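Heads up, the thing below is written out as structure tokens.
Order of the sequence lines fixes the chain letters, A, B, ..., with proteins taken first and strands second; residue numbering starts at 1 for each chain. All values below come from the heavy atoms of this structure, side chains included, with hydrogens, waters and symmetry mates left out. None of these values were measured; they are calculated from a predicted model.
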Amino acid sequence: MHLAVDRHPGGMLVTDHRGGTEVVPAAAFPAYVVAQEGRSTPPRWVWSDTALWYPPLLRAGLRVERCHDLRLVEAIIAGAEGRAVRSFAARPRAALAMPERQSAALFDLEAEPREAERTPPAAELHAEQLAALARASTRAPGALALLAAAESAGALAAAEMTFTGLPWSAEDHERLLVEALGPRPAAGERPVHLAALAAEVERQLGVRPGSLAIDSPPELVAALRGAGIDVATTRSWELQRQRHPAIAPLLQYKTLSRLMTANGWNWLDEWVRDGRFRPTFVPGGVVTGRWASDGGGALQLPRQVRSAVRADEGWVLVVADAAQLEPRILTALSQDAEMARAGAGVDLYQGIVDSGAVDSREQAKLGMLGAMYGGTTGQSARVLPRLQRVFPRAIAYVEEAARAGERGETVRTRLGRTSPSPGEEWRERQLLAAAEGAGESERRDARTAARGQGRFTRNFAVQGTAAEWALAWMAGVRRRLWSAEGGPLARQPHLVFFLHDELMVHAPAARAEEAATALREAAADAGRLLFGDAPVTFPVTVATVQRYSEAK
DNA sequence: CGTGAACGCGCC
DNA sequence: AGGGCGCGTTCACG
């Protein structure tokens, strides 16, 4: 939908592509709509903050095709230039001052007058940002501008996903809870299955019924030790190594207790309305460029409850997952031809096995994850030398990123997102340890801190570039679905969920194939956008299902 | 008493 | 003893 916007006595006059008009109240309208970049392209709205301005437009039945999010782009540029973000962008929700030629009455300048005075008008900020993006030194010309566009497109998608919501069957969710936990208990009470498990743990530990505070880690550890079980913490992985009849019911208790507290009845009451879960996504919420979420735990949706994510009657969920995204990103970043060969099929880990580097898919996976996260022990460390022999360039890439971090340097993603510098404290510690007369413990602490920073930068390059690929993918899917046809967002195929390397489209059943094609084509485009014609593929698996739990 | 760190665990 | 998160609970502290 192409929108034109003009000032109007009652607010802002918005004209859609069919000539229909609507007046949007001034209080609900963004500071600036800008930049007609040519007749052939739709307008790009330039505003301080998509998350602030877009939702009211969506509620008014309007959609914005392209935008430039000044707050998100400021964060990217500031990071690349190694400086702090300007004040308006540091605030969680950022309005901008009005330009002088527009009516100040549209906005409440009294709220924060000094901030308003300090903040350059949007048009000016936009021009400055475009210049900064253009002069940024990145591997490929225009990379940072591409990142700015992708980040902004992601912000639009995030607002739209919150607006339409994820189709959620509260009824199925309830049923699942009752089955696992028992009927909903009164407030403060334990569901019957949970109570039974707690009692069984007490029995097996030989303590008086009702005397064990099972939810208190210190007390639980004490009780376990009292029963002769040698544990230092109550972590599941540590419990799993023990042989004792109390362990099985305890582990089950922990799993169900988690379900209850994280995604139980309270969660359902708070987050699901009218058959939709409406999480708030936070684009750029993670330093690496990944999204975060705010409330509802959208990015930690446990597998246990995914059967409650259910398409509307006559609709389907088209769920796409980028297969082994991060190792493929590393392959492209490092231009490792041998690993590209291993990734030619749909299963890169199997390809690594077939190359002869390792013996099993599990080893390949563990080894690659260890290489990308900086694992130094266990199985992953053991297979690393074997991977290094066959894929020297890929391994060298992450090793170099780690060394840079250990030296206190920053690293960059493919499109130029820059890792934050280690803090002043970190640098002081390194200087102290390097100084004459430094003690052994000081040197050890500094070394530990340096290695920690190395693990961070090692992972930043890969995770951050994967996030960029995912943004480009999402933007491409959105554009394809968009151009398919006009009409209200919720009446045509639309994105409903994003999870780092997964996208979900809710679509009328008859248009499922169209959505699947969009997901596949946009993935191929994203690879070309980031890496040109490098011989690296980014296959996606696409499943058309009724419930999220039926995918993969 | 309220606040915040620490824990533990869910996701990628 | 592995990178990035969010969130609910417990517990120490002011």
Side-chain angles (χ1 to χ4, degrees), chain A residues 188 190 213-222 231-240 250-267 270-271 279-306 309 321-330 365-381 384 398 401-402 405 411 413 417 419-420 447-449 451-467 469-470 497-504 548 552:
Chain A
R190 235 179 222 147
I214 193 169
D215 293 322
S216 165
E219 291 198 35
L220 181 55
V221 168
V231 290
T233 73
T234 63
R235 291 183 191 127
S236 296
W237 63 265
E238 194 174 349
L239 294 175
Q240 270 156 19
L250 177 54
L251 289 171
Q252 207 190 347
Y253 175 89
K254 285 165 82 78
T255 301
L256 292 183
S257 171
R258 173 86 191 172
L259 171 64
M260 158 105 170
T261 55
N263 296 97
W265 292 278
N266 292 342
W267 182 92
E270 185 171 2
W271 291 102
T280 303
F281 293 103
V282 187
V286 179
V287 284
T288 57
R290 271 190 177 180
W291 286 14
S293 63
D294 184 13
L299 300 180
Q300 297 101 246
L301 214 59
R303 293 200 131 69
Q304 271 176 310
V305 301
R306 291 187 182 181
V309 181
D321 174 291
Q324 309 97 37
L325 178 58
E326 293 197 348
R328 289 175 189 278
I329 290 291
L330 174 57
K365 185 173 178 175
L366 270 169
M368 286 306 295
L369 290 177
M372 292 183 294
Y373 292 158
T376 54
T377 60
Q379 175 111 356
S380 77
L384 189 61
V398 283
V411 297
T413 60
R417 199 187 300 265
S419 67
R447 189 70 199 135
T448 301
R451 270 199 280 261
Q453 185 65 18
R455 280 194 301 275
F456 171 59
T457 51
R458 170 198 295 266
N459 186 249
F460 183 96
V462 178
Q463 186 187 118
T465 303
W469 182 92
F497 198 56
F498 172 57
L499 192 56
H500 306 312
D501 60 358
E502 262 184 71
L503 279 174
M504 190 190 299
Y548 190 12
K552 64 170 180 186

Next on the checklist: Under the salt bridge (Lys or Arg N to Asp or Glu O under 4.0 Å) definition, can you give me all pairs with a residue in residues 251-264 of chain A, not counting sequence neighbours?
Outcome noted: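 As it turns out, there is no salt bridge (Lys or Arg N to Asp or Glu O under 4.0 Å) pair with a partner in residues 251-264 of chain A once direct neighbours are skipped.
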Item to check | Qualifying salt bridge (Lys or Arg N to Asp or Glu O under 4.0 Å) pairs, either residue in residues 292-304 of chain A, two or more places apart | outcome: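 Applying salt bridge (Lys or Arg N to Asp or Glu O under 4.0 Å) to every pair that reaches into residues 292-304 of chain A, excluding sequence neighbours, yields nothing.
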Next on the checklist: Applying side chain to side chain donor-acceptor pair (under 3.5 Å), can you list everything that pairs with A/Arg190, at least two apart in sequence or on another chain?
Outcome noted: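 Result, side chain to side chain donor-acceptor pair (under 3.5 Å) vs A/Arg190: A/Tyr253.
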Item to check | For A/Trp265, all residues meeting side chain to side chain donor-acceptor pair (under 3.5 Å), sequence neighbours excluded | outcome: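 Only A/Glu174 meet the side chain to side chain donor-acceptor pair (under 3.5 Å) criterion with A/Trp265.
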Checklist entry - Partners of A/Asp501 by salt bridge (charged side-chain N to carboxylate O under 4.0 Å, His left out), sequence neighbours excluded? => result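 Salt bridge (charged side-chain N to carboxylate O under 4.0 Å, His left out) check on A/Asp501 returns nothing, list empty.
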Next on the checklist: Checking A/Arg306 now: which residues fulfil salt bridge (charged side-chain N to carboxylate O under 4.0 Å, His left out) with it, not counting sequence neighbours?
Outcome noted: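 Testing A/Arg306 for salt bridge (charged side-chain N to carboxylate O under 4.0 Å, His left out), a comparison that skips the adjacent residues, returns none.
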Using a heavy-atom cut-off of 4.0 Å across all strands, would you classify [X] as base, sugar-phosphate, or nothing?
X	value
A/Arg306	sugar-phosphate
A/Ser380	base
A/Leu325	nothing

Checklist entry - Rounded to the nearest 0.5 Å, what separation is found between the CG atom of A/Leu251 and the OG1 atom of A/Thr234? => result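 Nearest 0.5 Å value for the CG-OG1 distance: 10.5 Å.
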Rounded to whole Å, please give me the gap between [atom1] in [X] and [atom2] in [N].
X	N	atom1	atom2	value
A/Glu326	C/dG2	CD	C1'	13 Å
A/Leu299	C/dG3	CG	P	20 Å
A/Phe456	C/dG3	CZ	C1'	9 Å
A/Phe460	C/dG4	CZ	C1'	11 Å

Checklist entry - Does the aromatic ring of A/Tyr373 sit over the six-membered base ring of C/dG3, closer than 5.5 Å centre to centre and tilted less than 30°? => result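 Stack criterion met.
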Checklist entry - What string of B, S and - do you get for nucleotides 5-14 of chain C, 5' to 3', when a contact is any protein heavy atom under 4.0 Å? => result SBSSSSS---
Checklist entry - Mind checking which nucleotides bracket the chain A contacts on DNA chain B, 5' to 3', with an atom under 4.0 Å from a heavy atom? => result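 Contacts span B/dG8 to B/dC12, reading 5' to 3'.
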Item to check | Non-hydrogen atoms of A/Thr288 and A/Gln463 that approach each other most closely | outcome: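 It is OG1-OE1, 2.6 Å.
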Item to check | All ring-ring contact (aromatic ring centres under 6.0 Å, His included) counterparts of A/Tyr373, not counting sequence neighbours | outcome: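 With sequence neighbours excluded, A/Tyr373 shows a ring-ring contact (aromatic ring centres under 6.0 Å, His included) to no residue whatsoever.
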